[in-house]
Amino acid sequence: MSSRPENIDTSTHTAVDVVLDTAYQNINAAQWVELFTFARKSKLEGFIADLFAGKHINLSEDRPALHSALRNLSKSPVMLDGKDVMPAVTEVWRRIEALCNKWVGVTDVIHIGIGGSDFGPRLAIEALAHVPGIESRGMRMHFLANIDTAELARILDRAQPNSTRVVIVSKSFTTLETTMNAKAVLAWLKANDCTKSQITNSLFAVTANVPAAREFGVEEDNIYPFWDWVGGRYSVWSAVGLPIALQYGFKTFEEFLSGAHAMDLHFKNAPLEQNLPVIMALALLHQQETLGIKAYAAIPYADALDWFPKWLQQLDMESNGKSIDRDGKPVKHSSPVVFGSAGSNAQHSYFQLLHQGSDIVPIDFIAVSKPMSDRPEAVAHHRILLSNCLAQAQALAHGKAADNPNDVYPGNRPSNLLLLPELNAFYLGALLALYENRAASLGALWNINSFDQPGVEYGKVLAKPIEKALLTGSPIEANDSIDAVTAARINLLNS
Ligand code: F6P
């Protein structure tokens with residue numbers, strides 16, 4: 001076995017008790033120096049300061065990206081255009097805590113939202129479900145995102161209408177999937193003999209568009225606001241994370257915020273050379289430059305984090321999947337394709353390609369020191385889980401020679417190891433904030449605006465005339481908004 005890497009002593013960094021080990025990145029000391037020099041030349045430190053200072057770094061939408069204020073448990077002032085946002089943030093915390101104490105006899109919560117209004121809370125509810133020491137109120141938490149009625153049907157089959165609460169979560173309150181699903185759930189309550197006042201009392205909204213929620217019929221007292229300076233994919237820290245507080249208690253929600261806040265303080269204050277989000281961003285940049293990587297994988301060796309890669313896909317690809325930089329010029333690099341799922345299951349799926357495929361895909365292995373349940377088998381199973389995690393990284397790094405070409409592992413396949421001391425609300429918060437800050441760092445290094453998502457809109461616009469054509473059910477010809485291929489497909493569906 002070849003001996004590598006030479007920089008093993010300098011490869012581990014710790015922040016908020018989360019350890020990052022870059023030993024298998026195959027980046028030597030001189031290359032790290034170059035990378036940090038590049039980061040300084042790219043004015044990354046100034047960008048980080050501007051991010052936390054509420055500067056309008058989201059240039060296209062002329063607003064800041066101040067999601068860090070939502071987890072600023074120190075309550076120190078966060079100024080936005082001369083006004084402290086913390087009083088409004090803490091008022092929402094107070095209302096969330098009060099709501100937690102009020103909800104008794106609730107069997108089901110239907111959380112209706114999509115994208116950033118769905119992934120974060122869904123991930124947190126799953127991740128914390130079996131954590132020793134976290135008490136669950138045992139409500140059935142249903143996440144309704146897809147416009148496909150299969151999801152709606154599955155949820156409505158299980159929920160008990162008389163003891164259900166409905167939370168509509170949408171930053172814009174105009175997302176069609178969400179408003180249509182909300183109307184369907186309200187119709188179901190009505191069809192199940194819930195009275196008008198029962199329905200009104202069961203209906204809640206979390207939004208940055210309070211007038212639209214009001215217009216929809218949500219009572220003022222049941223509307224939990226957040227603000228346009230919070231991007232949808234960065235919103236789990238706002239009242240979007242309500243299910244976490246409702247199911248696991250306000251204290252758990254606070255711990256979640258507190259882990260993220262601790263990671264923010266690290267990102268804001270640590271020198272670049274010790275800064276976990278920055279180191280991870282630079283390692284990825286290095287692999288783009290040297291290996292031309294086009295994809296990377298995040299593999300949590302924690303079944304409870306199976307939703308993490310889905311959350312991360314939106315974070316990274318919606319933030320940085322862009323080909324134009326902040327000055328409107330073509331970029332050299334942008335977000336690689338992100339994928340992943342829980343290990344060791346992932347090993348039995350696409351790891352063949354990761355070991356022997358013709359493309360190199362860097363991996364973030366995410367492991368947790370302590371077992372993640374208190375089952376009697378937990379210690380023995382956890383040991384095997386961790387051995388698998390470590391073995392995969394070693395095999396990828398070193399490869400294996402063999403006489404039969406079929407058995408050769410090329411090796412030199414980079415990976416990080418991220419080690420959390422345990423999986424709880426605090427470290428979950430720290431993990432998500434680590435990746436949010438890494439995405440922001442990458443955006444700064446690529447000179448990309450990580451806080452808008454113009455590319456998601458066009459498809460939604462085109463869907464409207466197509467829906468109309470499907471509604472008529474009669475054959476159509478290609479026109480200004482529907483091309484010949486799509487017209488033929490509509491006709492196929494209508495036939
Ligand atoms: O699909 C794009 C998007 O705008 C995401 O950025 C966002 O998280 C999601 O839709 C949902 O938006 P909203 O919270 O406004 O309903």
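Atoms within a ligand are numbered from 1 in the order they appear, just like the ligands themselves. Numbers here simply count residues along the sequence, with the first being 1. Quick note: numbers below take in every heavy atom, side chains included, and nothing from hydrogens, waters or symmetry partners.
Not counting sequence neighbours, Lys183 has no partner by the salt bridge (charged side-chain N to carboxylate O under 4.0 Å, His left out) test.
Nearest heavy-atom pair, Arg95 versus Asp221, reported as atom, atom and distance to 0.1 Å: NH2-O, 2.8 Å.
Within 4.0 Å of ligand 1, heavy atoms belong to protein residues Ile114, Gly115, Gly116, Ser117, Ser170, Lys171, Ser172, Thr175, Gln314, Glu318, Gln453, Val456, Lys460.
Aromatic ring centres of Phe216 and Phe173 lie closer together than 6.0 Å.
Trp229 and Trp227 have parallel rings, their planes meeting at less than 30° on a 0 to 90° scale where 60° marks the start of perpendicular.
For the pair Arg137 and Trp103, the cation-pi criterion (under 6.0 Å, within 45° of the ring axis) is not fulfilled.
Here the side chains of Leu312 and Tyr296 are in contact, with some heavy-atom distance below 4.5 Å.
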